[in-house]
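Below is one structure, written out as structure tokens; the observations come after it.
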Amino acid sequence: MATRTDALTRREQILKEAARLFAERGFHGVGVDEIGAAVGISGPGLYRHFAGKDAMLAELLVGISGRLLTGAKRRIAEADGSTAGARGVGGAGRAAGGARAGGGPVGGAAAGGGAVVGGAVVGGSRVEGLGGRRDSGAVLDSLIEGHIDFALDDRPLITLHDRELDRLRDSDRKLVRQLQRQYVELWVEVLREVYPALAEPAARSAVHSVFGLLNSTPHLGRPGSLPGRAATAELLHRMARGAFAAAAGE
């Protein structure tokens with residue numbers, strides 16, 4: 001009898017192959033039998049895991065939006081925790097999960113005259129929170145790295161989102177948008193900690209623009225026509241940081 005771990009692994013395999021096939025041939029161009037064949041089970045066997053293709057599509061698009069948000073919160077919380085630990089202070093500047101992120105990680109501008117942003121004292125790209133000083137530039141770099149991992153490793157989901165989001169039920173589509181808005185706002189706050197003079201609307205536009213840049217990976221070329229993964233990731237990172245600096249007028 002299959003264990004729960006086996007069932008979860010099979011479910012993930014089904015979702016991975018469904019994403020690939022939907023991205024390659026379109027949602028209506030793929031049948032349940034074809035998805036089943038791709039994972040080595042009969043089409044009807046898929047119904048032990050999903051009610052149908054619509055359920056797969058919803059789980060794919062809601063799932064990746066949730067994972068991006070959770071990953072971003074985790075990266076911010078890790079930055080809070082490492083800063084507090086280094087200073088021997090318990091607790092982070094601000095909790096990442098529902099509360100607003102209190103600082104951000106990215107390259108280090110020296111602390112200059114501080115300005116109050118969202119309750120934290122910002123000087124250059126360092127933020128003073130309850131857990132101590134944190135390098136906002138490093139947090140931003142960490143967020144960029146996480147999104148690059150997604151953009152390079154989950155390209156079919158980018159294509160799927162662009163083409164098929166409107167096929168979701170209203171409730172699922174609204175949930176995707178809600179998760180995405182929360183994800184954007186985490187980035188906006190960290191970005192404004194790195195560049196305190198950057199107005200909120202401009203910061204939000206910059207974040208969306210960088211997402212457009214990073215999410216262009218499905219259009220970068222055929223496999224094998226690009227530099228290696230590490231080189232591509234480094235290039236995307238430099239371009240993202242350059243775009244943010246340009247938005248801030250630097």
Side-chain angles (χ1 to χ4, degrees), residues 1-75 97-98 143 145-184 186 211-212 214-226 228-230 232-233 236:
M1 185 168 98
T3 65
R4 178 169 178 78
T5 300
D6 291 334
L8 287 172
T9 300
R10 175 66 78 184
R11 186 180 183 90
E12 291 167 356
Q13 291 173 344
I14 292 169
L15 288 172
K16 180 179 179 179
E17 290 304 316
R20 179 181 65 81
L21 290 169
F22 291 158
E24 288 177 357
R25 292 156 51 186
F27 181 74
H28 287 306
V30 178
V32 170
D33 289 343
E34 293 166 290
I35 299 172
V39 294
I41 62 177
S42 66
L46 288 179
Y47 292 107
R48 292 199 299 269
H49 303 277
F50 296 96
K53 291 198 307 176
D54 289 328
M56 295 180 209
L57 181 64
E59 184 154 338
L60 284 165
L61 294 182
V62 174
I64 189 56
S65 298
R67 289 196 300 276
L68 284 171
L69 177 60
T70 299
K73 288 180 176 180
R74 186 191 72 246
R75 288 169 180 272
L143 291 177
E145 289 166 6
H147 199 96
I148 288 173
D149 285 342
F150 155 69
L152 291 177
D153 298 336
D154 290 303
R155 299 185 199 190
L157 291 177
I158 296 173
T159 301
L160 199 58
H161 179 277
D162 290 345
R163 292 180 183 171
E164 312 290 357
L165 181 62
D166 288 343
R167 298 190 190 281
L168 295 183
R169 296 180 304 174
D170 286 346
S171 58
D172 289 329
R173 189 166 57 251
K174 288 177 182 177
L175 179 56
V176 168
R177 294 303 192 194
Q178 177 185 359
L179 293 168
Q180 290 175 345
R181 282 194 296 271
Q182 293 178 47
Y183 183 60
V184 167
L186 288 178
F211 287 168
L214 300 180
N215 292 350
S216 69
T217 52
H219 311 293
L220 291 182
R222 297 187 304 275
S225 65
L226 298 175
R229 188 190 188 285
T232 302
L236 290 171

- Item | side chain to side chain contact (heavy atoms under 4.5 Å, CB included) between R167 and L160, intermediate numbers included | CA-CA 10 Å; R167 298 190 190 281; L160 199 58; over 6 Å; no
- Message: As a quick check of understanding, evaluate side chain to side chain contact (heavy atoms under 4.5 Å, CB included) for F150 and L214, giving each step before the final call.
- Response: CA-CA 9 Å; F150 155 69; L214 300 180; over 6 Å; no
- Query: Checking side chain to side chain contact (heavy atoms under 4.5 Å, CB included) for the pair V32/F50: CA distance, chi angles, key distance, verdict?
  - Reply: CA-CA 10 Å; V32 170; F50 296 96; over 6 Å; no
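With sequence neighbours excluded, no residue forms a side chain to side chain donor-acceptor pair (under 3.5 Å) with R163. N215 meets the side chain to side chain donor-acceptor pair (under 3.5 Å) test with H147; sequence neighbours excluded. By the side chain to side chain donor-acceptor pair (under 3.5 Å) test, E24 pairs with R20, sequence neighbours left out. For L175, the side chain to side chain contact (heavy atoms under 4.5 Å, CB included) partners two or more places apart in sequence, or in a different chain, are V62, Q178, L179. For D166, there are no side chain to side chain donor-acceptor pair (under 3.5 Å) partners, not counting sequence neighbours. Every residue two or more places apart in sequence or in another chain that forms a side chain to side chain contact (heavy atoms under 4.5 Å, CB included) with D162 is listed here: I158. By the salt bridge (Lys or Arg N to Asp or Glu O under 4.0 Å) test, R169 pairs with D172, sequence neighbours left out.
Within the 4.5 Å cutoff, the side chain of L143 has no heavy atoms near those of the L186 side chain. The shortest distance between side-chain heavy atoms of L46 and M56 falls below 4.5 Å. With a 4.5 Å cut-off on side-chain heavy atoms, L60 and I64 do not count as touching.
Closest of all the heavy-atom pairs between R177 and L165 is NH2-CD2, 3.1 Å. In terms of heavy atoms, A38 sits closest to L21 at CB-CD1, 4.3 Å. For the pair P156 and A19, the tightest heavy-atom approach, listed with the atom from each and the gap, is CB-O, 3.7 Å.
Ring centroid separation for the pair Y183 and F211 comes in under the 6.0 Å cut-off.
Among residues at least two apart or in separate chains, salt bridge (Lys or Arg N to Asp or Glu O under 4.0 Å) pairs with a member in residues 28-41 are R25-E34. The salt bridge (Lys or Arg N to Asp or Glu O under 4.0 Å) contacts involving residues 44-59 comprise R11-E59, where partners must be two or more places apart or lie in separate chains.
In this structure, a donor-acceptor pair under 3.5 Å is present between the side chains of Q180 and H161.
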